[in-house]
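Below, chains carry the letters A, B, ... as their sequence lines are ordered, and counting in each starts from 1.
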Protein chains: 2
Amino acid sequence: MVAPLKVGIAGLGTVGAEVVRLIEQQSRTLSSRCGRPVRVVAVTARSKAKKRGLDLQGIDWSKNPLELASDPRIDCFVELMGGAGEPALSAIDTALKAGKSVVTANKALIAKHGLKLAKAAEQFGGALNFEAAVGAAIPIVKTLREGLAGTSVNRVYGILNGTCNYILTRMEQEGLSFAECLKDAQRLGYAEANPSFDVDGHDTAQKLAILASLAFGTKVSQSAVYVEGISSIAPEDLRAAADLGFRVKLLGVAVRTAKGIEQRVHPTMVPKTSSIAQVMGVTNAVTIDGEGIPPITLVGPGAGGAATASAVVADIADVARGIRALPFGRPVERLRAIAKAPMERHEGGYYIRLMARDLAGTAATIATRLADQKISIESIVQRHANGVDVVQTAGKAAPVPVILITYATSEDAVHRALDAVQRDKVISGRPQVIRIEKN
Amino acid sequence: MVAPLKVGIAGLGTVGAEVVRLIEQQSRTLSSRCGRPVRVVAVTARSKAKKRGLDLQGIDWSKNPLELASDPRIDCFVELMGGAGEPALSAIDTALKAGKSVVTANKALIAKHGLKLAKAAEQFGGALNFEAAVGAAIPIVKTLREGLAGTSVNRVYGILNGTCNYILTRMEQEGLSFAECLKDAQRLGYAEANPSFDVDGHDTAQKLAILASLAFGTKVSQSAVYVEGISSIAPEDLRAAADLGFRVKLLGVAVRTAKGIEQRVHPTMVPKTSSIAQVMGVTNAVTIDGEGIPPITLVGPGAGGAATASAVVADIADVARGIRALPFGRPVERLRAIAKAPMERHEGGYYIRLMARDLAGTAATIATRLADQKISIESIVQRHANGVDVVQTAGKAAPVPVILITYATSEDAVHRALDAVQRDKVISGRPQVIRIEKN
């Protein structure tokens, strides 16, 4: 019999407890798949007394994560405590420097300290696996790291936050406001009491930074990601999008451009017929555009105890089998630094919604201001809030929504044109601007 | 400098030529990702003289595949000749028995001789990678073999043949007949002159047998797959499906049931809102239902030179990195034999389309015959071929289509009920029966 892989788990929340259960349940399959048994030999968590419905008989209880990480009896340290800093950081570092392999689901830590940890993994020969950190059970890390090893990636983009997609889906399907849907999401446990990390796009940005590194060989850098959340999206935008053949999704997009790698998170209009547009509710999805091949899209649960545990156990199985891919697919010293993409130089199509004070005059003004910036208009719609075209209301006092779709232009040009329109005092309020991502 | 991985390629068709090109183009990335260079050192193909637009300078030309497979200068033998038998079989066997790793895109060979070859790979320590054999660039083999190593799979199903999906998509979107669409597919190069292998479901069956083995730990067995093609599907079926909230796809389905693993390929009604229903044209997709987690769907190009080459090069990169997963995820001796699922015991919902001779009498007869078999009807629609409900035509002489959706029942019961209806002589022609797959 080959020696078992001895696993230590720090953190016994929903995911940790599920990992212990899954390794026990799947022990025969794992042993058959890996050519050796996988055994949880030690665990640690904040409270030993807490009821978890777990049988921990025969499993040691370590005093703390650091002690577990340096325990000579374990081969693989599994970090499921979370948090971008201590004690997770030191524990993982300690385990790697002791030559152990590490599996973690901690996106914040990998986005922030991934490079340093990857260096330690390289130097001491352990694996550093983090499939569960992005898209839970969706095998996106493995796909970028191994499955597309020979393909040059031009773009990777996706729905990486289930909370935002749930909110946008309900807003679209039921015509509700952002605030109403957020409240419901909180009630159902899909959103935190303080929802900012999710709805303002930071969670997506951390995951995107990890995917961009794997796809493009750049240094993981969350601060290089442009971030915009979904709180400004109104039901009118979703309605107009639908009429124009689009859906609005919060996307994380990393794309190779002539000016370098752009990393950005923002509400995005995607064609209704694209794979990514079909993804509803809390589901996540990632699309990869490889050089010369049609897009590949992976869809699945982006969160949840069982889905996350599934990815963690697969990562542990890779360790047991002796699979050692470099954490970011390439040696850390080969990863290139990445600067924050200046969004004013972003190029693409735009959706613009304005409230025109006087329709006839405003349309002419807008057309002129856009033409001044050499922006071509693909379509223009004027309508009541209820969706009925309202050319007949031209000249009335109440502001009328005007919706424009532009051909590809620069963000800079759009801002200059809209600033001019605003100075012309023909619109009320601020224009709504949403970027379009073509598939 | 670490020693390069020395690759020999047998077969320089579209895929082979693209692999040579890709390895050359991506040489720096591959070397960085794998920790060692990847180099094509020898090739062989039927004609040396053929123009391929390839620079083969510095690459040896082997006399034949067997010579290349046993060439002591190569570490990795890449088989891209195709064909379920010789010379591919002996060449791969020879390479494996010489301790080399093998990469192949040959689904027919893996479906037929995969077990024998996997045994040789296990015994002599080489890898046997075949990601490109199913779904080309879609990383489905890796996902089942490694990415879901810790998850018990309950069902895996997918659109595995682009030709069929192209035909069904055009039939649905343009109301054309199967024959018309097939002719177009042949003209566009999406279907062979002899289309039977694709449209009768055999291509899908080979791929399904491979996926089932990876998912369930069964012995690959194409003959254990129930197979039915798409040639009987009529535009009326697609129209009726759309009205009832379904789409028709040729699915390969492998599912764990109380009676064992069922493997089947047939036209299938899938809910219009499912991920798999969104997959149009030549695109492929696979959905995996893991125990306790929401479905994971992988979508992408299932064929094409560049997409297939992408998977082949990724497989070569895994060899270069030293990744050695067992070919079917588990040792061959642990794979369980699988019997052909008796379809008469299949259970599920059914779509039934009948041509009623006399509407009033027929409806009553059908209802009675189904009730005799304890089959419950979820919905019943009677209509003209043009889609207008035709209750008012009851009693007329021309046959009228009657469309039924049943609740879950057994195939046996459906056949018995329809046989009885046919004996009652209230319908003209044979009933159309399409199985429903719920997500």
Side-chain angles (χ1 to χ4, degrees), chain A residues 19 22-23 25-26 29-30 32-35 38 131 136-139 142-143 145-152 217 273 275 278-280 283 285 288 290-301 304 306-307 309-314 316-318 321-326 329-331 334, chain B residues 19 22-23 25-26 29-30 32-35 38 131 136-139 142-143 145-152 217 273 275 278-280 283 285 288 290-301 304 306-307 309-314 316-318 321-326 329-331 334:
Chain A
V19 169
L22 206 51
I23 290 178
Q25 253 171 36
Q26 296 288 310
T29 304
L30 280 170
S32 161
R33 283 186 178 275
C34 303
V38 173
E131 184 62 77
I138 306 172
K142 193 174 254 299
T143 295
R145 191 151 77 176
E146 302 166 24
L148 291 168
T151 303
S152 175
T273 52
S275 292
Q278 318 307 325
V279 178
M280 304 306 249
T283 305
I288 305 156
E291 179 61 31
I293 63 175
I296 296 169
T297 301
L298 315 187
V299 187
S310 163
V312 169
V313 175
I316 295 171
D318 272 358
R321 275 196 196 101
I323 292 183
R324 296 281 179 283
L326 292 165
R330 298 165 170 90
R334 293 275 202 106
Chain B
V19 169
L22 205 52
I23 290 178
Q25 252 172 36
Q26 297 288 310
T29 305
L30 280 170
S32 161
R33 283 187 178 274
C34 303
V38 173
E131 183 62 76
I138 306 172
K142 194 176 254 296
T143 295
R145 191 152 75 176
E146 302 166 23
L148 290 170
T151 304
S152 173
T273 51
S275 291
Q278 318 306 325
V279 177
M280 303 307 247
T283 304
I288 306 154
E291 179 61 32
I293 63 174
I296 296 170
T297 301
L298 315 187
V299 186
S310 162
V312 169
V313 176
I316 296 172
D318 273 359
R321 276 194 194 103
I323 292 182
R324 295 282 179 282
L326 291 166
R330 298 165 170 91
R334 293 276 202 106

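If you tally non-hydrogen atom pairs under 4.5 Å between each of B:V299, B:V312, B:V313, B:V19 and chain A, the highest count goes to B:V299. Chain B forms more heavy-atom pairs under 4.5 Å with one residue of A:G304, A:G290, A:A306 than with any other, namely A:A306. The choice from B:P301, B:P139, B:G300, B:G147 that makes the most heavy-atom pairs within less than 4.5 Å of chain A is B:P301. For the options B:R324, B:M280, B:R145, heavy-atom pairs under 4.5 Å to chain A are most numerous at B:R145. The greatest number of non-hydrogen atom pairs below 4.5 Å with chain A, out of B:I316, B:L298, B:T143, is found for B:L298. Per-residue heavy-atom pair counts under 4.5 Å with chain B were compared for A:S152, A:A307, A:P295, A:A149, and the maximum is reached by A:A149.
Of all non-hydrogen atoms in A:A137 and B:I293, the two that sit nearest each other are CB-CD1, 4.1 Å. Among all heavy-atom pairs drawn from A:L148 and B:S310, the shortest one is CD2-OG, 3.6 Å.
Both the backbone and the side chain of B:P331 have a heavy atom closer than 4.5 Å to some heavy atom of chain A. Proximity to chain B (any heavy atom under 4.5 Å) is restricted, for A:S275, to the side chain, taken from C-beta onward. For A:T29, the part lying under 4.5 angstrom from a heavy atom of chain B is the side chain only. Proximity to chain A (any heavy atom under 4.5 Å) is shown, for B:A285, by neither the backbone nor the side chain. Only the side chain of B:R334 comes within contact range of chain A, with heavy atoms under 4.5 Å apart. Looking at A:P294, the atoms closer than 4.5 Å to chain B (heavy atoms on both sides) sit in the backbone and in the side chain alike. Contact of A:L30 with chain B is made through the side chain alone, with heavy-atom distances under 4.5 Å. Proximity to chain B is limited to the side chain of A:A317, based on heavy atoms less than 4.5 angstrom apart. No part of A:A309 comes within reach of chain B, as not one of its non-hydrogen atoms sits under 4.5 angstrom from that chain.
Side chain of A:R33 to backbone of B:E146: no donor-acceptor contact under 3.5 angstrom is found.
Atom OG1 of B:T283 sits about 11.0 Å away from atom CD1 of A:I296, to the nearest 0.5 Å. In this structure, CD1 in A:I323 is found 9.5 Å from CZ in B:R321, a value given to the nearest 0.5 Å.
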Exercise for review: Quick one: do B:E291 and A:Q25 satisfy side-chain contact (heavy atoms from CB on, under 4.5 Å)? Show the steps, please.
Suggested key: CA-CA 11 Å; B:E291 179 61 32; A:Q25 253 171 36; 5.7 Å; no
